[in-house]
Structure formats: structure tokens, C-alpha cells
Amino acid sequence: MANFSKSNVPQFSVEVYQNEYLPEGGREVNAIVTVTSTGGGTTGGVPLSGVAATPTHVPGQAAKAAVVIMVDCSGSMDYPPTKMRNARDATAAAIDTLRDGTSFAVVGGTHVAKEVYPGNGRLAVADARTKAQAKEALRALSAGGGTAIGTWLRLTDRLLGAADVEIRHGILLTDGRNEHEAPEDLRAALESCAGRFTCDARGVGTDWEVKEVTAIASALLGTADIVADPAGLAADFTQMMENAMGKEVADVALRLWTPVGVEIKFVKQVAPAVVDLTDRRTEAGPRAGDYPTGSWGDESRDYHVCVKVPEAGIGQEMLASRVSLILPDPSGGAPQTLSQGLVRAVWTEDMAASTSINPQVAHYTGQAELAQVIQQGLDARKSGDFDGATAKLGRAVQLASASGNEDTAKLLSKVVDVVDAATGTVRLKPKVAEADSMTLETRSTKTVRVKK
């Protein structure tokens with residue numbers, strides 16, 4: 001990893017939205033922290049105007065990014081036979097999307113992980129020649145064997161770990177359940193890889209386990225989605241690779257400093273998707289901890305911070321937390337602070353001030369509940385608890401409607417018949433396509449931003 005001067009780091013800003021007023025005896029402070037990065041690379045690696053250009057790879061210099069594509073080659077990829085062909089075509093499309101100078105490799109995954117290209121523990125550097133060679137190597141991919149995703153991730157980690165780059169990213173495709181290794185082996189692999197590279201995960205068809213794929217993406221700070229029709233893989237892989245090529249800075253941490261007596265209850269990313277970061281804290285000095293946010297391009301994300309402050313009297317105020325964006329120095333020097341924001345607490349006897357809920361906080365509290373009740377409702381439906389499923393999914397319809405989350409509302413309408421969205425009155429559909437249920441579960445954590 002390389003150091004960043006201020007000239008080649010995207011500009012970060014932090015905005016804090018909260019109601020800082022607490023009643024007498026009030027102790028819980030909630031804030032939505034909006035982090036925005038501008039001048040990054042969602043232009044596919046072409047810098048925005050006014051930002052110093054990042055050179056592509058030249059001999060003797062380290063490539064800026066490295067990507068490994070993991071393709072499921074287990075026996076089930078032959079059913080139907082078009083699935084393996086679509087996976088090869090999608091991988092080829094992703095390779096075509098690589099920016100010249102990017103280090104890359106392709107891994108074939110079964111009950112073991114095999115290097116498809118370039119081999120011998122190396123990464124290739126993308127140019128016209130190596131892309132053509134990689135696409136030719138894909139022709140040899142065939143289906144056969146089991147599924148042990150932890151081995152794919154560990155090989156990817158070894159390949160990416162050898163690259164002298166800032167951005168390390170994986171793309172993982174699977175069509176089946178992780179049946180050829182123990183669940184604890186996959187968990188151990190994820191713990192080993194966390195913080196070393198980011199990874200987007202995709203499930204193709206309907207024979208894979210949603211919770212496995214979403215757990216991979218969550219642990220490695222990537223995205224998860226379903227591609228129910230294998231014909232859609234190429235477009236999805238192209239979009240994923242374009243997003244990966246747009247990342248300009250990795251390993252940004254959200255650092256929370258708190259005064260003596262303040263307890264952090266939770267830290268969650270709440271947009272564009274709900275990801276609980278609370279347990280991923282690493283200590284960063286006295287009363288400070290870092291929460292990982294992964295890689296950034298030109299984008300904006302929202303985080304919900306909840307802290308518990310000591311009791312104080314009316315008229316008193318305090319700094320409840322200082323939120324900083326931190327970029328570590330890979331050489332071990334002092335980290336760079338990219339931006340900061342403050343979370344405050346003020347005790348008042350004005351009941352109107354202390355009881356009003358900040359609109360951003362209210363919105364994202366509802367979005368987090370929406371994700372939770374969808375999961376609970378679908379789990380209840382699978383277990384045969386139809387009354388519980390109806391209640392939870394009805395609440396989900398109510399929350400999606402109130403927050404304007406139209407995409408989730410449409411997915412819910414394929415699982416339940418909506419009688420009254422405002423009250424959450426629904427009926428379970430007697431027959432639901434497996435793809436519709438899995439799509440709802442996979443995308444349940446996707447949120448919409450608060451309406452301004």
C-alpha cells in the first residue's frame with residue numbers, strides 16, 4: 001500500500017445530523033454521520049476535472065489496484081449447461097472492464113481453489129495481451145467437484161497480499177451451498193481475510209444460501225446480490241468491475257473518540273445498505289476506536305452512531321463524541337485525518353426540543369428495522385410460522401411505504417398481497433417463486449436515503 005498526499009486523496013467531508021437536546025436524566029445520544037468523498041474515481045478510473053491524474057501502470061512502478069475474480073466451477077454449474085457458459089462470458093466481460101495497469105487473476109473454485117490465470121502464485125498486469133490470454137484461459141473452465149468457498153478466499157488473499165497496491169478487491173460468484181467445508185472453516189477464512197481485501201459476492205440461480213453470500217460480502221465490506229437468471233451475469237460483472245475500478249483510496253476508518261464516562265452502544269452503516277460495524281472496532285489510543293469502511297471512490301454513505309453519556313443537569317452540555325475519518329500511513333507513521341465532525345449533548349427542560357427526533361435518525365432507525373423484520377418474516381415463513389411471518393412482513397410493508405423505499409416495497413409485493421400499506425395489513429401469497437423470496441432476502445439491507 002502507498003501513502004497518499006493531500007493532492008491525490010479524494011476530498012472527504014463529514015456532516016453530523018442529530019437532535020443534541022436531552023431531557024433531565026436523558027443519556028442516549030443518536031447521530032447520523034454523512035461521509036462524502038468527491039474527486040474519486042467512479043468515472044472508471046478517469047479522474048474528475050480539476051483532480052491530479054493517477055498514472056496507469058508503467059514498468060517498474062506498482063499497479064494501483066489488484067482484483068481477483070473467483071468463479072464457481074462446482075458440478076452444479078453444469079445445470080443448466082448455459083450457467084457455466086454465462087459465468088465464462090461474465091468473467092470475460094469483467095476482464096475487458098479492467099483498467100490497463102491493474103493487477104489481476106482468475107481463480108476457479110470447487111472443493112479446492114485453482115489458479116486459472118496467470119498461475120504460479122502471480123498476478124498479471126492488465127493490457128491488451130494479458131486480457132486476451134486470460135479470456136483464452138477461461139475456455140478451459142468446466143464444471144465438476146464440490147464447493148468450499150473458504151479455500152477460494154484464502155487463495156485470493158495470498159494472491160492479493162503479494163501485490164504492492166492500494167486497492168485490493170475480490171469478486172466471487174457461486175451457485176450452490178458451501179457443502180464441502182465446515183461453517184467454522186468459512187468463518188475462519190473470513191476472519192483471516194477481513195481488512196485485507198474487499199469482496200463483492202453474487203449468487204446465481206436459486207440453489208445457494210442467501211445468508212452465506214451476504215455474510216461474505218458483509219465481512220469483507222462488499223456488496224451482495226442475486227442474479228436469478230444466469231443471462232444477466234455479464235451486465236452485473238461489468239458493473240461490479242466498473243465500481244471496483246472507481247475506487248481511489250482504501251482502508252479508510254471511522255474513528256470515534258469519546259470522553260470519560262461515554263459508552264458507545266453501536267456504530268452502523270445505514271446507507272446505501274445496513275452493515276453493523278460495532279464489533280469490528282480496533283483500539284486507536286486512549287478512548288478512541290476505529291471502525292472499517294473499506295474502499296472509496298466518488299460516493300456518499302451514512303452511518304448511525306449511538307452513544308450513552310453520563311447524567312448531567314439542566315443547562316449543561318458536553319461533547320459526546322468526535323468522529324474522524326482516518327487514513328493510515330502504511331509505513332507506520334501518523335495517520336492522516338481526512339475530515340471531522342462533532343456529536344454533542346445538551347440538557348434542557350424544553351420538552352419540545354428534547355423529545356423531537358431528528359428526521360435522519362428516525363428515517364434510518366426505520367430502515368434498520370425494515371431490514372430486520374424482512375429477515376425475521378422470511379425465516380418465520382420458512383419454518384411454517386405463518387402468523388408470525390404475516391405480522392413481520394406486514395410491518396415491513398408499512399415501513400417501506402412510510403420511508404419511500406419503493407424497490408423494497410415492490411419486492412415485498414411478490415411475497416405478500418398488500419391490503420393496506422399504511423397499516424401494514426397483508427396476506428401471505430400461497431405460492432412464491434424461490435427467486436422472488438431470495439431476492440427480497442438478499443436485498444433486504446439496501447436502504448433509501450432520507451427524503452430532504
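- Inspection of the Gln269 and Thr293 side chains reveals no N or O donor paired with an N or O acceptor under 3.5 Å.
- If you check the side chains of Thr282 and Asp290, you find no donor sitting under 3.5 Å from an acceptor.
- Between the side chains of Thr198 and His169, at least one donor N or O sits under 3.5 Å from an acceptor N or O.
- Looking only at distances, no side-chain donor or acceptor of Asn30 sits under 3.5 Å from a matching main-chain atom of His304.
- Test Val309, Val346, Thr348 against Leu22 for side chain to side chain contact (heavy atoms under 4.5 Å, CB included) and you get one pass: Val309.
- Using a 4.5 Å heavy-atom threshold, the side chains of Met70 and Cys199 count as touching.
- A salt bridge does not link Asp407 to Arg443: none of the charged side-chain nitrogens sits closer than 4.0 Å to a carboxylate oxygen.
- Between Val71 and Met84, some side-chain heavy-atom pair lies under the 4.5 Å cut-off.
- Side-chain N/O atoms of Asp72 and Ser74 include a donor and acceptor closer than 3.5 Å.
- Arg287 places a side-chain N or O within 3.5 Å of a backbone atom of Thr258 that can act as its donor or acceptor partner.
- Within 6.0 Å of NZ on Lys382 lie more than 12 heavy atoms contributed by other residues, nucleotides or ligands.
- Shown here is Lys114, whose NZ atom has no more than 12 heavy atoms of other residues, nucleotides or ligands within 6.0 Å.
- Arg395 places no side-chain N or O within 3.5 Å of a backbone atom of Val373 that could act as its donor or acceptor partner.
- The residue from Gln376, Gln372, Gln375 that alone fulfils the side-chain hydrogen bond (donor to acceptor under 3.5 Å, both in side chains) condition with Lys392 is Gln376.
- A donor-acceptor pair under 3.5 Å is formed between the side chain of Glu299 and the backbone N or O of Gly297.
- Residues Pro272 and Lys446 are not in side-chain contact: their nearest non-hydrogen atoms beyond the backbone lie 4.5 Å or more apart.
- Residues Asp350 and Tyr21 have side chains that never bring a donor and an acceptor to within less than 3.5 angstrom of each other.
- Taking 4.0 Å as the cut-off between side-chain N and carboxylate O, Asp379 and Lys211 count as a salt-bridged pair.
- Side chain of Ser401 to backbone of Val397: no donor-acceptor contact under 3.5 angstrom is found.
- By the 4.5 Å heavy-atom criterion applied to side chains, Val249 and Phe12 are counted as neighbours.
- The closest donor-acceptor contact from the side chain of Thr110 to the backbone of Gly146 lies at 3.5 Å or more, if one exists at all.
- Glu28 places no side-chain N or O within 3.5 Å of a backbone atom of Cys306 that could act as its donor or acceptor partner.
- Counting non-hydrogen atoms of neighbouring residues, nucleotides and ligands closer than 6.0 angstrom, the CD1 atom of Ile357 reaches no more than 12 such neighbours.
- At least one donor-acceptor pair closer than 3.5 Å links the side chain of Asp200 to the backbone N or O of Thr223.
- The pair Arg177-Asp207 does not meet the salt-bridge criterion, since no charged nitrogen lies less than 4.0 angstrom from a carboxylate oxygen.
- The backbone N or O of Ile326 sits nowhere less than 3.5 Å from a side-chain atom of Arg255 that would complete a donor-acceptor pair.
- Remark: side-chain polar atoms of Thr151 are paired, donor with acceptor, to backbone N or O of Ala148 under 3.5 angstrom.
- Residue-environment remark: NZ (Lys414) stays at or below the threshold of 12 foreign heavy atoms within 6.0 Å.
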